[in-house]
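All values below come from the heavy atoms of this structure, side chains included, with hydrogens, waters and symmetry mates left out. Just follow the structure's listing: the first ligand is 1, and inside any ligand the first atom is 1. Note that the structure is predicted; figures quoted are calculated from it, not measured.
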Amino acid sequence: MLRRGALALLVPLRRRSAMATPPDRRFVVELASSELVHFYLSNDDDNNHRAPPRCFLPRPGRCYSFCLPAAGSPRERVRAARLHRLLQRRLSQEQPFGAGSAALALLSYSPSREAALERGFLVQDERRAPETERSLEELLRHLLPAPVHLAVYEVAEGGEVRCALWRLDGAAQDRQLVRRARVVAEEEPALHSACAHLLEDAVFRSRGAARRVLEECTSLIPEAKAVLDLVDQCPQHPKKGDFPVIVIEGLDATGKTTLTQAVKDSLNAVLLRSPPPSVSQWRKIFDDEPTLIRRAFYALTNYILASEIAKASSKSPVIVDRYWHSTAAYAVATEISGKVQNLPPLHHEVYHWPEDLLKPDVVLLLTVSPEERIRRLKGRGMEKTEEETELEANTCFRQKVEESYRRMENPTCQPVDASPSREEVLKAVLHLVKNQCHLP
Ligand SMILES: Nc1ncnc2c1ncn2[C@@H]1O[C@H](COP(=O)(O)OP(=O)(O)O)[C@@H](O)[C@H]1O
Ligand SMILES: Nc1ccn([C@H]2C[C@H](O)[C@@H](COP(=O)(O)OP(=O)(O)O)O2)c(=O)n1
């Protein structure tokens with residue numbers, strides 16, 4: 001594995017084995033079941049008795065892993081994120097490695113946080129086919145800057161997992177064995193390894209932070225310039241008017257569109273939605289981009305919406321379909337792999353409202369049971385049959401979005417049971433709004 005990670009392992013390791021301290025780089029891979037497997041590479045002379053990780057290796061197959069170089073500046077991060085997405089597509093959609101192969105997300109991190117987080121992939125090859133290794137090498141030599149480190153894993157006799165780390169240099173066929181190691185299980189860190197990087201990569205807590213990312217995209221995505229132009233026309237600190245601003249949040253199909261329309265009619269309010277129509281034409285383009293760029297886009301659309309909220313709330317109540325909490329909750333839920341337990345803890349900064357964004361008066365979170373939500377999705381024409389694993393992954397994702405919403409602070413998202421009839425949900429919401437806001 002893994003470029004800088006591998007070097008970090010290698011050089012200090014020779015010294016370390018004498019001192020018997022563990023190597024610093026750790027790896028975590030997300031299995032199709034959403035479970036995370038943590039492991040590291042241990043030298044044979046490291047006198048530890050750790051077991052191999054719960055197996056990510058298909059037997060009698062082989063696995064391969066590699067990481068992209070860590071990125072620092074916004075420019076490097078934009079380029080690395082696009083390269084990662086390109087690799088992801090080549091590895092999963094185009095299926096260059098045929099049946100029996102799968103590409104899983106891999107993170108390489110340092111428990112002491114001394115080294116940067118690196119993102120990569122672990123390719124499982126059930127068939128142990130020589131062409132898998134050849135195609136993978138070719139792909140990496142073609143797309144990644146040399147030298148690339150490729151780790152090859154196999155189960156040895158006695159159930160040990162062994163890894164050979166290869167260094168691929170620029171020229172085709174040129175590869176050198178860097179080291180052989182035992183692969184051993186690592187305990188799960190208290191905090192998911194991606195948590196420390198959420199504020200740089202996914203949850204932008206100021207207009208400037210999101211802006212810097214889109215600025216680096218203008219030569220790659222012309223629409224980024226158009227979004228920036230719109231943001232720049234908005235005042236830096238728009239002021240809310242005297243009328244209440246009510247935001248409705250919730251997962252897809254919880255009834256936001258239905259409810260916001262009804263509240264609008266009942267309160268004679270202005271209905272706004274996020275992203276606003278002025279940018280929604282570009283949504284498809286940004287949805288197709290990697291997290292870093294996609295989340296920066298959504299973050300900025302909230303600032304455009306804020307200036308519309310400011311204007312409208314000086315004349316009438318405003319009801320808003322999704323706002324900042326959606327941006328943050330979806331970003332956290334997509335970045336934190338595995339189960340809901342892996343989310344950043346309560347009061348983590350990702351759950352705080354950005355200081356420079358206009359705050360609403362009330363935020364309500366519509367919740368329905370998973371069964372009712374599926375019923376509503378089907379009513380809207382969702383496919384009836386889904387792969388079991390997809391459903392499971394969806395369940396995890398849904399739980400993470402909803403739990404992130406529930407952890408939001410200042411303003412919090414107040415849950416509202418949206419399972420009853422449309423009329424009853426509207427009545428409950430109007431009751432809450434009337435209790436909490438001054439309605440002229
Ligand atoms: N309280 C409710 N009871 C039953 N069905 C509802 C209720 N609210 C919404 N629906 C239906 O559920 C589906 C999803 O609602 P929608 O308002 O489009 O959700 P969202 O905007 O959150 O995606 C629609 O078919 C809608 O008619
Ligand atoms: N303010 C917003 C609004 C939406 N998003 C993102 C979050 C999700 O990826 C999608 C959800 O949008 P979707 O079209 O499913 O919304 P609806 O439930 O149909 O109203 O948009 C966001 O990040 N920030």
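Scanning all protein heavy atoms for the shortest distance to atom 19 (O) of ligand 2 gives Asp252 OD1, 3.4 Å. The protein heavy atom nearest to atom 9 (O) of ligand 2 is Arg294 NH2, 3.4 Å. Considering only non-hydrogen protein atoms, atom 1 (N) of ligand 1 sits nearest to Pro420 O, 2.9 Å. The protein atom (non-hydrogen) at minimum distance from atom 19 (O) of ligand 1 is Gly255 N, 3.1 Å. Remark: minimum distance from atom 10 (N) of ligand 1 to any protein heavy atom is reached at Arg422 NH2, 3.8 Å. In this structure, atom 24 (N) of ligand 2 lies nearest to the protein heavy atom Thr327 OG1, 2.7 Å. Of the protein's heavy atoms, Thr257 OG1, 2.4 Å lies nearest to atom 21 (O) of ligand 1. Distance from atom 13 (C) of ligand 1 to its nearest protein heavy atom, with residue and atom name: Arg376 CB, 3.9 Å. Of the protein's non-hydrogen atoms, the one nearest atom 18 (O) of ligand 1 is Arg380 NH1, 3.0 Å.
The part of Tyr323 lying near ligand 2 is the backbone, judged by heavy-atom distances below 4.0 Å. Only the side chain of Arg283 comes within contact range of ligand 2, with a heavy atom under 4.0 Å; no backbone atom does. When heavy-atom distances to ligand 2 are checked against a 4.0 Å cut-off, His325 has no atom that comes that close, whether in backbone or side chain. Using a 4.0 Å cut-off between heavy atoms, Asp321 makes no contact with ligand 1 at all. Under 4.0 angstrom from ligand 1, there are no non-hydrogen atoms of Ser419. Neither the backbone nor the side chain of Leu251 comes within 4.0 Å of ligand 2, counting heavy atoms alone.
Of all atoms in ligand 1, listed by their number and element, those nearer than 4.0 Å to a heavy atom of Lys256 are 17 (O), 19 (O), 20 (P), 21 (O), 22 (O), 23 (O). Every atom of ligand 1 with a heavy atom of Ser421 under 4.0 Å away is listed here by number and element: 1 (N). Residue-ligand proximity, Leu251 to ligand 1, at heavy-atom distances under 4.0 Å covers atoms 22 (O). Atom numbering of ligand 2 starts at 1 in the shown order; those under 4.0 Å from a heavy atom of Lys256 are 18 (O), 20 (O).
Heavy atoms of other residues, nucleotides or ligands lying less than 6.0 angstrom from NE2 of His237 number 12 at most. Summarising the local packing, CG of Asn268 is surrounded by 12 or fewer heavy atoms from other residues, nucleotides or ligands at distances under 6.0 Å. Around the CD atom of Glu138, the shell of radius 6.0 Å holds no more than 12 heavy atoms that belong to other residues, nucleotides or ligands.
Side-chain polar atoms of Glu372 and Ser369 form no donor-acceptor pair below 3.5 angstrom. For Lys359 and Asn410, the side-chain atoms include at least one donor-acceptor pair closer than 3.5 Å. Side-chain N/O atoms of Ser110 and Asp24 include a donor and acceptor closer than 3.5 Å. A donor atom on one side chain and an acceptor atom on the other are found under 3.5 Å apart for Tyr330 and Arg322.
Of the candidates Tyr330, Trp324, Tyr298, the one placing a heavy atom closest to atom 22 (C) of ligand 2 is Tyr298. Nearest-residue assignment for atom 1 (N) of ligand 2 (options Gly255, Pro276, Ser274; heavy-atom criterion): Ser274. In this structure, of Thr258, Val425, Leu259, the residue bringing a heavy atom nearest to atom 17 (O) of ligand 1 is Thr258. Distances from atom 18 (O) of ligand 2 to the heavy atoms of Arg295, Arg273, Arg322 put Arg322 nearest.
Not close to ligand 1: Leu366, with no non-hydrogen atom less than 4.0 angstrom away. Using a 4.0 Å heavy-atom cutoff, Ala253 is listed among the residues neighbouring ligand 1.
When only interatomic distances are considered, the shortest N/O to N/O separation between Thr257 and ligand 2 does not fall below 3.5 Å. Considering backbone and side-chain atoms together, Glu372 places no N or O closer than 3.5 Å to any N or O of ligand 1.
Using a 4.0 Å cut-off between charged nitrogen and carboxylate oxygen, Asp321 and Lys264 do not count as a salt-bridge pair. Here Lys284 does not pair with Asp288 in a salt bridge; the nearest charged N to carboxylate O distance is not below 4.0 Å. Ionic pairing of Arg77 and Glu200 is not present here: no N-O contact between side-chain nitrogen and carboxylate oxygen is shorter than 4.0 angstrom.
Between Phe297 and Phe286, the ring planes are parallel. Angles under 30° get that label, and only those over 60° would be called perpendicular.
Interatomic distance, Tyr109 OH to His192 NE2, rounded to the nearest 0.5 Å: 9.0 Å.
Tyr351 and Arg407 make their closest contact through CB-O, 3.4 Å (heavy atoms, listed as atom of the first residue, atom of the second, distance). For Arg373 against Asp252, the heavy-atom pair with the smallest separation is NE-O, 2.8 Å.
The salt bridge (charged side-chain N to carboxylate O under 4.0 Å, His left out) test with Glu335 singles out one residue from Arg295, Lys400, Arg119, and that residue is Arg119. Between Glu289 and the options Arg283, Arg82, Arg294, a salt bridge (charged side-chain N to carboxylate O under 4.0 Å, His left out) holds for only Arg82.
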